[in-house]
Amino acid sequence: MADAVFVLPAESSIVPRDDESRVPDISVVIVSWNAKAFLEDCLESLAKGHDRPYEVIVVDNDSSDGSPEAVVRRFPWVTLIQSGTNLGFAKGNNLGIRHSRGRYIALINSDVKVLPECLDQLAEFLAANPEVGMVGPRIFSGDGRQQSSCRRFPSLWNNACEVFGLNKLFPQSSFFAGEHMSYFGYDRACEVDVLVGCFVMARRTAVAEFGLFDEEFFMYSEDIDWCRRCRRAGWKVMFYPGAEAIHYCGGSSSNEPLRFAVAQERSRLRLWRKHLSPKEVFGLVVLATIGHCSRLVLATLKGILNRAEHKRVVDTVKIHVGCLGVLWGRCSSRYAQFSNIGR
């Protein structure tokens, strides 16, 4: 991994750091697309409150909102990689990782605020636990509520629990919890199947074994695939509550919710096909179809009963119809093209 060849797309460019002499312990990689305000807040949070030497690499996916100019002007200590095109989340992170130098690699969404000592705490946890390949911090929403950041790998049972509401009927039961681990209190270190990709720190030597992100995932589900491969390579994936961050959500995805929702469904289907048997995939498609259809019916009834919600209901219906098209191979070209989407 340390000897990985760094190759930029032909049209991309790099703005170097002010100081190249200090070898970092931690490399922070941030992929950003048209999320200028979030990105500035994220970089401000990274500018202080950490003792270990670290570097920050921003991969800009051809933003048009002034993000690259803001990074150059306000954060000269950040390495800016301008891809010149929208590489997507997986490929953008791979680009940043290949250019990184730290023993530990922290992948952070642009809409995350890193709280003081968070990077140090995660790095110290990895240093003290050599069997751990990847660790994630405790994540809070902007309003201070605990955010669900740990998952189980998808299966027929845990998806059925969510589609039929068993996870809500029995919120404290691990048996009925579904993928989202609703029973987990996020109050202790815990080995998990999946860490949500808004903020994870990986050991470079571990990444050398299980590899970079699968670039067939343009966005979404690449984090689940990454954690799956990490565990299969014999490394532990851990949640650690001693490090904390805030995730505001929607830094890029809020720009076009319909297209992002359909992109998410496409990636989810690809993940199932990559890791599960054809029978399991068919079962998951059926369960997802039931879920989308039930929400379609509820949205339609809501629109009939409340005319003031008409536009929101129409948008919701479009999302579920688009997702159903993906699941059953009827996705129109209008929804299938994601070349202008970034996470």
Side-chain angles (χ1 to χ4, degrees), residues 88-91 93-94 134 148-168 174-182 192-197 200 210-235 237 253 257-298 316-339 341 343:
F89 187 76
K91 190 176 289 188
N93 269 304
N94 286 351
M134 195 182 304
S148 171
S149 61
C150 299
R151 301 281 190 274
R152 288 172 166 172
F153 193 78
S155 69
L156 285 171
W157 174 246
N158 59 36
N159 272 252
C161 288
E162 293 189 358
V163 168
F164 297 111
L166 297 177
N167 60 327
K168 294 181 179 179
S174 61
F175 184 68
F176 294 111
E179 283 187 42
H180 285 74
M181 297 175 60
S182 57
V192 298
D193 287 349
V194 176
L195 294 167
V196 173
V200 296
F210 61 81
L212 299 175
F213 283 112
D214 181 347
E215 295 182 359
E216 292 299 315
F217 294 98
F218 183 83
M219 58 181 299
Y220 298 120
S221 294
E222 71 290 312
D223 48 356
I224 304 175
D225 173 71
W226 215 40
C227 290
R228 180 77 158 185
R229 289 190 285 119
C230 178
R231 289 171 57 85
R232 283 181 172 173
W235 296 90
V237 176
S253 59
L258 169 61
R259 299 179 73 190
F260 277 87
V262 175
Q264 187 173 32
E265 199 67 55
R266 286 165 61 89
S267 292
R268 191 161 69 137
L269 184 59
R270 172 174 173 75
L271 177 80
W272 296 341
R273 288 172 173 169
K274 179 175 181 178
H275 291 288
L276 301 173
S277 70
K279 289 183 179 179
E280 289 173 306
V281 172
F282 179 76
L284 287 168
V285 168
V286 170
L287 287 170
T289 300
I290 294 171
H292 285 299
C293 288
S294 63
R295 288 190 288 273
L296 265 174
V297 171
L298 290 174
T316 301
V317 168
K318 286 181 178 179
I319 285 174
H320 293 301
V321 169
C323 290
L324 287 169
V326 170
L327 291 170
W328 295 100
R330 299 283 194 273
C331 190
S332 70
S333 59
R334 176 182 176 186
Y335 299 132
Q337 302 302 315
F338 300 112
S339 58
I341 291 182
R343 192 171 178 175

Nearest-0.5 Å distance, [atom1] of residue [X] to [atom2] of residue [Y]:
X	Y	atom1	atom2	answer
C323	K318	SG	NZ	14.0 Å
I290	N159	CD1	CG	11.0 Å
H180	N167	NE2	CG	9.0 Å
D193	E179	CG	CD	9.5 Å
T316	L298	OG1	CG	11.0 Å
L284	N158	CG	CG	8.0 Å

**Request:** Using the side chain to side chain contact (heavy atoms under 4.5 Å, CB included) rule, take L271 and F217 through it: C-alpha gap first, then chi angles, then the decisive distance, then the call.
**Result:** CA-CA 9 Å; L271 177 80; F217 294 98; 4.1 Å; yes
Exam field: side chain [X] to backbone [Y], donor-acceptor pair closer than 3.5 Å:
X	Y	result
S294	G291	yes
E265	A263	no
W226	V194	no
S149	V196	no

**Prompt:** Taking the six-membered ring for Trp, are H275 and F153 parallel (under 30°), tilted (30 to 60°) or perpendicular (over 60°)?
**Reply:** perpendicular
**Message:** Using 30° and 60° as the class boundaries, would you call the ring planes of W157 and F175 parallel, tilted or perpendicular?
**Reply:** tilted
**Test log, rule side chain to side chain contact (heavy atoms under 4.5 Å, CB included), inputs L287 and F164** = CA-CA 9 Å; L287 287 170; F164 297 111; 3.9 Å; yes
Check [X] against [Y] and note the closest heavy-atom contact, atom names and distance.
X	Y	answer
M134	C227	SD-SG, 3.6 Å
F89	G197	CZ-O, 4.0 Å
L327	V285	O-CG1, 3.9 Å
A177	R152	CB-NH1, 3.9 Å
A90	E215	CB-CA, 4.2 Å

**Asked** Any ion pair linking R229 and D214 (charged N to carboxylate O, less than 4.0 Å)?
**Response** no
**Request:** Please lay out, stage by stage, how R151 and I224 fare under the test side chain to side chain contact (heavy atoms under 4.5 Å, CB included).
**Result:** CA-CA 9 Å; R151 301 281 190 274; I224 304 175; over 6 Å; no
**Message:** Counting only heavy atoms from other residues, nucleotides and ligands, does the tally under 6.0 Å from CZ of R273 exceed 12?
**Reply:** no
**Verdict with supporting geometry, M181 and V192, side chain to side chain contact (heavy atoms under 4.5 Å, CB included)** = CA-CA 10 Å; M181 297 175 60; V192 298; 4.1 Å; yes
